[in-house]
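A quick write-up on the structure given underneath.
Both ligands and their constituent atoms are indexed starting at 1 by order of listing. Values below: all heavy atoms of this structure, side chains included; hydrogens, waters and symmetry mates excluded.
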Amino acid sequence: MAVTIKSARELNLMREAGKILNYTLRTLEREIHPGMSTADIDRIGEETIRSFGCVPSFLHYNGYPASICVSVNDEVVHGIPDRHRILKEGDIVSLDAGVIYKGYHSDAARTVAVGTVSEEARQLIDVTRQSFFEGIKYARAGNHLNDICKAIASFAESHGYGVVRDLVGHGIGTHLHEDPEVPNFDMNRRGIRLRPGMTLAIEPMINMGTWEVEWLDDDWTVVTADGELSAHYENTVLITDGEPEIFTLNDSL
Ligand code: MF3
Ligand code: CO
């Protein structure tokens with residue numbers, strides 16, 4: 001499938017989907033506390049998305065059984081909410097969600113501390129977020145896709161962290177996953193040339209230790225191979241001739 005350029009009308013719908021998702025993730029960040037279950041997070045997130053008349057895009061996507069991916073500690077992504085999985089002080093929780101507004105998608109993720117966490121965990125969360133911002137310094141028309149990929153990887157690796165290779169970011173629009181793939185590592189080729197109107201979900205997944213991951217028997221939950229912590233940070237981004245517009249950091253709701 002070719003990489004699509006969105007029209008002004010389409011971008012307005014994605015902008016709206018982005019605002020609603022940012023509001024949803026902010027709500028979850030505020031609500032998270034020790035003693036709640038990962039299923040509680042899913043319920044609050046789904047209710048928030050539906051309160052805007054939107055649909056949570058992950059629910060039933062390829063058979064995924066929930067609206068919010070909730071991944072705790074060594075879980076990298078795609079953790080399945082579970083009413084028996086209770087959060088405790090010191091955990092780190094990655095929240096990943098998608099919204100469909102009038103047929104257009106947004107996709108974003110944040111890793112959140114439950115109460116007070118270790119200095120190491122705090123740093124992993126911060127560097128993962130910063131690696132996204134290092135990447136989008138290059139997210140503008142005229143650059144090539146690999147400029148973003150390389151910048152994310154070199155920043156995370158300079159802190160000694162492992163950059164997940166088995167899962168990547170992606171184009172986004174009328175589908176959750178569109179071309180191009182957006183790796184968080186050096187592709188060793190320039191990749192496509194970035195053009196105004198391209199919309200990308202850029203999503204570093206960064207491990208404290210090895211980059212290697214495994215899948216649990218539920219066929220969804222991705223965990224670090226060495227059992228060390230992992231963090232995730234994702235936004236839906238519009239390429240322009242100037243600064244990129246980050247749809248899922250729009251606080252105007
Ligand atoms: N945010 C994830 C991604 O970017 C999607 C989760 S997969 C799902 O690919 F099945 F849970 F939807
Ligand atoms: Co994504």
Minimum heavy-atom separation for Ile100 and Ser57, please, with both atom names.
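Looking at all heavy atoms of both residues, the shortest contact is CG1-CB, 3.6 Å.
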What's the atom name of the N, O or S in Glu234 nearest to the Co ion (ligand 2)?
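This turns out to be OE2.
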So does [Y] get a backbone contact from the side chain of [X], meaning a donor-acceptor N/O pair under 3.5 Å?
| X | Y | result |
| --- | --- | --- |
| Asn73 | Ile92 | yes |
| Thr236 | Asp107 | yes |
| His170 | Leu176 | yes |

With a sphere of 6.0 Å drawn around OH of Tyr23, does it hold more than 12 non-hydrogen atoms of other residues, nucleotides or ligands?
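Counting neighbours around OH of Tyr23, 12 or fewer heavy atoms of other residues, nucleotides or ligands fall under 6.0 Å, so no.
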Taking both backbone and side chain into account, is any N, O or S atom of Asp96 nearer than 2.8 Å to the Co ion (ligand 2)?
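No N, O or S atom of Asp96 is closer than 2.8 Å to the Co ion (ligand 2), so no.
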Report yes or no: does His170 have an N/O/S atom closer than 2.8 Å to the Co ion (ligand 2)?
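Here the distance criterion (N, O or S atom, under 2.8 Å) is met by His170, so yes.
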Metal-centred angle, OE2 of Glu203 through the Co ion (ligand 2) to OD2 of Asp107, rounded to 10 degrees:
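For OE2 of Glu203 and OD2 of Asp107, the angle centred on the Co ion (ligand 2) reads 170°.
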Do we see a donor-acceptor contact under 3.5 Å between the side chains of Arg9 and Asn12?
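No.
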Using distance alone, with no hydrogens and no angle criterion, decide if Tyr161 and Gln123 have a side-chain donor and acceptor under 3.5 Å apart.
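There is such a pair between these side chains.
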Collect the protein residues that have a non-hydrogen atom under 4.0 Å from ligand 1 and hand them over in chain and number order.
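Correct list: Phe58, Tyr61, Tyr64, Cys69, His78, Asp96, Asp107, His170, His177, Glu203, Trp220, Glu234.
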Salt bridge check: are Glu16 and Lys19 linked by an N-O gap of less than 4.0 Å?
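Yes.
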